[in-house]
Amino acid sequence: MFYQTTYSSPVGRLTLASDGESLTGLWLENQKYFAENFPETWNSNHHLSVFKATKKWLDDYFDGEQPAITELPLAPKGSEFRQAVWRLLQEIPYGQVITYGEIAKKIAAEMGRVSMSSQAVGGAVGHNPISIIIPCHRVVGSNGSLTGYAGGLANKIKLLTLETVEMTDLYLPQHGTAR
């Protein structure tokens with residue numbers, strides 16, 4: 001059985017999903033791939049302990065604190081490859097960014113391969129079902145471009161700004177200018 005609730009945040013309404021014990025989803029409103037691979041009907045239950053813990057985590061995060069990801073029971077659903085990418089995303093420190101290429105190198109090394117496609121990594125990052133907490137917003141293009149955020153580039157910028165990422169080193173590719 002799946003449960004859902006919502007949370008009002010500085011980046012809009014968030015939908016949280018759970019299997020009753022773990023957090024299985026967290027999506028921004030109108031996010032690409034919203035609730036992909038989830039049942040069409042969920043039960044509302046705002047009182048699950050995992051939802052209370054997640055809302056506390058989000059309160060702390062949006063207050064500028066750095067809550068630990070390990071404080072929450074996470075159970076994102078996806079292939080073995082996607083799971084590996086999402087584990088690496090959880091290692092990106094608060095306030096820092098990493099490139100798709102850097103993640104591809106790490107995944108290749110874990111898998112005993114010479115190389116891995118950055119595009120394959122990008123696909124896994126984009127399908128992350130637990131946005132913000134599994135910090136896919138901290139991944140940028142090889143040249144520092146702010147590309148590929150399923151929750152929208154404006155929200156990616158808000159989240160990175162909240163984390164005090166040095167935005168002058170990053171740019172929007174369609175404009176070619178620093179932000």
Side-chain angles (χ1 to χ4, degrees), residues 1-63 65-98 100 103 106-107 110 120-140 147-160 162-163 165:
M1 185 166 284
F2 284 89
Y3 302 92
Q4 72 168 351
T5 190
T6 59
Y7 176 88
S8 293
S9 81
V11 292
R13 192 180 93 201
L14 306 177
T15 299
L16 286 65
S18 173
D19 59 10
E21 295 180 21
S22 300
L23 187 69
T24 56
L26 188 159
W27 302 275
L28 290 83
E29 201 165 9
N30 301 315
Q31 180 171 332
K32 193 174 184 182
Y33 312 119
F34 180 89
E36 183 179 71
N37 301 321
F38 280 79
E40 288 189 27
T41 58
W42 300 347
N43 297 306
S44 291
N45 186 333
H46 309 288
H47 304 293
L48 287 176
S49 60
V50 67
F51 287 155
K52 289 178 183 177
T54 301
K55 289 177 179 184
K56 168 73 169 101
W57 191 98
L58 290 166
D59 286 343
D60 291 346
Y61 175 81
F62 286 115
D63 283 343
E65 298 178 29
Q66 300 177 30
I69 294 172
T70 56
E71 294 175 14
L72 298 172
L74 304 179
K77 307 276 187 257
S79 69
E80 187 176 322
F81 174 73
R82 287 182 178 179
Q83 294 283 342
V85 171
W86 300 336
R87 276 191 300 277
L88 285 176
L89 294 179
Q90 293 177 59
E91 296 174 7
I92 307 169
Y94 180 96
Q96 295 184 28
V97 295
I98 189 170
Y100 294 97
I103 294 173
K106 289 181 180 189
I107 290 291
E110 281 185 12
V121 167
V125 170
H127 285 83
N128 168 22
I130 304 179
S131 294
I132 301 171
I133 295 171
I134 297 179
C136 51
H137 60 278
R138 296 180 188 154
V139 184
V140 299
T147 61
Y149 189 57
L153 287 179
N155 286 327
K156 183 172 191 163
I157 291 166
K158 286 179 189 176
L159 295 170
L160 293 174
L162 172 76
E163 294 184 17
V165 170

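It should be emphasised that the depicted structure is a prediction, and the values quoted were computed from it without experimental measurement.
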Result of checking Ile69, Thr24, Val50 against Leu74 for side chain to side chain contact (heavy atoms under 4.5 Å, CB included):
Ile69
Kindly indicate whether the side chain of Ile132, heavy atoms from C-beta on, has any atom under 4.5 Å from the side chain of Val11.
yes
Step by step, would you call Asp59 with Lys55 a salt bridge (charged side-chain N to carboxylate O under 4.0 Å, His left out)?
CA-CA 6 Å; Asp59 286 343; Lys55 289 177 179 184; over 6 Å; no
Show, in sequence, the C-alpha distance, side-chain angles and deciding distance for Tyr7 and Thr54, and conclude whether the side-chain contact (heavy atoms from CB on, under 4.5 Å) test is met.
CA-CA 9 Å; Tyr7 176 88; Thr54 301; over 6 Å; no
Polar side-chain atom of Trp86 near backbone of Ala124 as donor-acceptor pair, under 3.5 Å
yes
Using a 4.5 Å cut-off on heavy atoms from C-beta on, say whether the side chain of Leu58 contacts that of Ser9.
no
Stepwise side-chain contact (heavy atoms from CB on, under 4.5 Å) check, Glu71 with Lys56
CA-CA 10 Å; Glu71 294 175 14; Lys56 168 73 169 101; over 6 Å; no
Just wondering, do Val121 and Phe81 contact through their side chains at under 4.5 Å, heavy atoms?
yes
Check: Leu28 and Leu14 side chains under 4.5 Å, non-hydrogen atoms:
yes
Return the NZ to CD distance between Lys106 and Glu91, rounded to the nearest 0.5 Å.
6.5 Å
Using modelled atom types only, decide if a donor and an acceptor are shared between the side chain of Trp27 and the backbone of Gly151 within a distance under 3.5 Å.
no
Once you round to the nearest 0.5 Å, how far does CG of Leu48 lie from OG of Ser22?
11.0 Å
Test side-chain contact (heavy atoms from CB on, under 4.5 Å) applied to Ile103 and Leu89, step by step:
CA-CA 8 Å; Ile103 294 173; Leu89 294 179; 3.8 Å; yes
Parallel, tilted or perpendicular for His137 and Tyr149, by the 30°/60° rule?
perpendicular
Considering only heavy atoms from C-beta outward, does the side chain of Gln96 approach that of Ile98 to under 4.5 Å?
no
